[in-house]
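Any value given below was found using the heavy atoms of this structure, including those in side chains, with hydrogens, waters and symmetry copies removed. Order of listing sets the numbers, starting from 1, for every ligand and every atom in it.
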Amino acid sequence: MAIRPILTAPDPRLKAVSEPVAKVDGEVRTLIEDMIETMYDADGIGLAAIQVGQPKRILVLDIDQRDGKKNPQAFINPVITWASEEMAVAEEGCLSIPEIWDEVERPARIKAEYLDRDGKKQTLEADGLLATCLQHEMDHLEGILFVDHLSKLKRSMAMKKLQKAKKLKAAG
Ligand code: GNR
Ligand code: NI
């Protein structure tokens with residue numbers, strides 16, 4: 001396993017639309033293991049493959065890391081098959097937009113289909129943080145970041161704040 005570097009905005013690769021995985025093979029499983037290790041190392045609860053520079057429709061999640069217990073889940077070629085009309089607002093952050101947090105409105109409940117690490121088809125019904133996080137990660141597969149759901153003004157303020165933080169970090 002290896003920790004891979006996480007791309008940060010405005011890296012143009014984060015805008016790419018990721019490609020479906022044709023076969024769940026060893027290479028895909030290695031990528032998934034690296035993504036899980038990278039997610040934990042960065043204290044994240046989710047990660048999409050494009051965030052480590054791989055434009056593949058793969059994401060990993062672990063939304064319940066209390067008590068240090070780990071329950072990582074991998075989703076390959078996920079598709080939302082149903083979304084509730086009811087919406088929910090949640091505070092979101094992104095490992096590719098460090099230190100920026102804001103409220104995003106999304107469907108409150110969703111149903112999804114995906115392949116697991118064994119290439120087996122699975123279905124899932126989600127609400128709460130799982131629904132938020134899954135939709136956030138699935139946006140990454142389309143090249144969409146959570147700030148793209150904000151007003152133009154809020155987005156440009158967020159990106160300015162990020163640029164400033166990056167400059168400060170580079171200057172040491
Ligand atoms: O670690 C993460 N936390 C988070 C919190 C609220 C809503 C979404 C997320 S996902 C984020 C990790 C990440 O950037 N995944 O793409
Ligand atoms: Ni993200």
Side-chain angles (χ1 to χ4, degrees), residues 2-21 28 31-80 83-84 86-110 112 114 117 124-151 154-155 157-159 161-163 165-166 169:
I3 294 166
R4 304 195 189 194
I6 296 176
L7 306 181
T8 55
D11 191 309
R13 287 173 286 181
L14 291 167
K15 299 266 177 205
V17 176
S18 293
E19 292 290 333
V21 172
V28 166
L31 173 59
I32 287 171
E33 296 210 337
D34 287 359
M35 286 169 62
I36 290 168
E37 194 178 356
T38 303
M39 171 180 73
Y40 289 136
D41 177 67
D43 285 325
I45 56 173
L47 193 72
I50 193 62
Q51 292 179 278
V52 292
Q54 298 288 320
K56 296 182 179 151
R57 301 186 81 83
I58 302 173
L59 55 94
V60 296
L61 286 183
D62 189 348
I63 59 156
D64 186 8
Q65 297 174 36
R66 279 172 305 172
D67 314 322
K69 68 175 170 149
K70 290 187 170 132
N71 181 27
Q73 268 187 294
F75 298 77
I76 302 162
N77 300 341
V79 181
I80 292 176
S84 66
E86 187 199 335
M87 305 292 277
V89 175
E91 186 93 352
E92 296 192 22
C94 182
L95 294 173
S96 295
I97 317 173
E99 282 158 58
I100 308 289
W101 290 82
D102 215 328
E103 288 183 335
V104 179
E105 187 179 46
R106 302 181 185 274
R109 282 168 289 125
I110 56 166
Y114 62 98
R117 269 186 265 189
L124 178 83
E125 245 185 281
D127 63 7
L129 183 59
L130 182 58
T132 297
C133 201
L134 201 52
Q135 291 177 83
H136 172 117
E137 301 311 336
M138 289 184 66
D139 269 358
H140 277 299
L141 307 185
E142 302 301 326
I144 296 166
L145 299 173
F146 85 87
V147 291
D148 295 329
H149 293 286
L150 305 178
S151 69
K154 278 194 170 183
R155 182 164 56 250
M157 283 184 352
M159 296 318 284
K161 194 174 161 193
L162 178 64
Q163 288 291 15
K166 274 191 177 185
K169 206 175 153 204

Fill in: Validation row: L95, T38 side chains within 4.5 angstrom (heavy atoms)
no
Worksheet entry | Atoms of ligand 1 close to I45 [distance to a heavy atom under 4.0 angstrom, numbered from 1] | 1 (O), 2 (C), 3 (N), 4 (C), 5 (C)
Worksheet item: Can E86 and R109 be said to form a salt bridge (Lys or Arg N to Asp or Glu O under 4.0 Å), step by step?
Response: CA-CA 8 Å; E86 187 199 335; R109 282 168 289 125; 3.1 Å; yes
Worksheet item: Would you call R57-E142 a salt bridge at under 4.0 Å N-O?
Response: yes
Discussion item. As an exercise, identify every atom of ligand 1 less than 4.0 angstrom from a heavy atom of G44.
Written reply: 1 (O)
Worksheet item: Got the closest protein heavy atom to atom 12 (C) of ligand 1, with its distance?
Response: G46 O, 3.1 Å
Practice prompt. Output the list of atoms in ligand 1 that are nearer than 4.0 Å to some heavy atom of E91, sorted by atom number.
Written response: 6 (C)
Discussion item. Test your reading of the structure: does W101 have an N or O sitting under 3.5 Å from an N or O of ligand 1?
Written reply: no
Discussion item. For the metal site, I want the angle between atom NE2 of H140 and atom NE2 of H136 with the Ni ion (ligand 2) at the apex, to 10°.
Written reply: 100°
Worksheet item: Do Q54 and S18 have side-chain heavy atoms sitting under 4.5 Å apart?
Response: no
Practice prompt. Before signing off on this row, confirm whether T132 and ligand 1 have an N or O atom pair separated by under 3.5 Å.
Written response: no
Worksheet item: Just wondering, do L59 and P78 contact through their side chains at under 4.5 Å, heavy atoms?
Response: yes
Discussion item. Please report whether ligand 1 has a polar contact with C133, defined as an N or O pair separated by less than 3.5 Å (distance criterion only).
Written reply: no
Worksheet, complete the sentence: All heavy atoms of L61 vs all of F75, minimum pair found to be CD1-CE1, 3.6 Å
Item to complete: Could you check atom 14 (O) of ligand 1 against the protein and tell me its nearest heavy-atom contact, residue, atom and distance included?
Response: L95 N, 2.8 Å
Item to complete: Give yes if a backbone or side-chain nitrogen or oxygen of H136 is under 3.5 Å from a nitrogen or oxygen of ligand 1, and no if not.
Response: yes
Practice prompt. Looking only at non-hydrogen atoms, find the nearest pair between L150 and R155 and report the distance.
Written response: O-NH1, 3.1 Å
Practice prompt. Enumerate the atoms of ligand 1 whose separation from the nearest heavy atom of C94 is less than 4.0 angstrom.
Written response: 14 (O)
Item to complete: Flag the pair I32 / I76 as yes when at least one side-chain heavy-atom distance between them is below 4.5 Å, and no otherwise.
Response: yes
Item to complete: Please confirm whether A48 comes within less than 3.5 Å of ligand 1 when only nitrogen or oxygen atoms on both sides are compared.
Response: no
Worksheet item: Is there any N or O on G93 that sits under 3.5 Å from an N or O of ligand 1?
Response: no
Response to the item:
Of M138, E92, E137, the one whose closest heavy atom lies nearest atom 15 (N) of ligand 1 is E137
Worksheet item: Got L31 and V52 here, is their nearest side-chain heavy-atom distance under 4.5 Å?
Response: yes
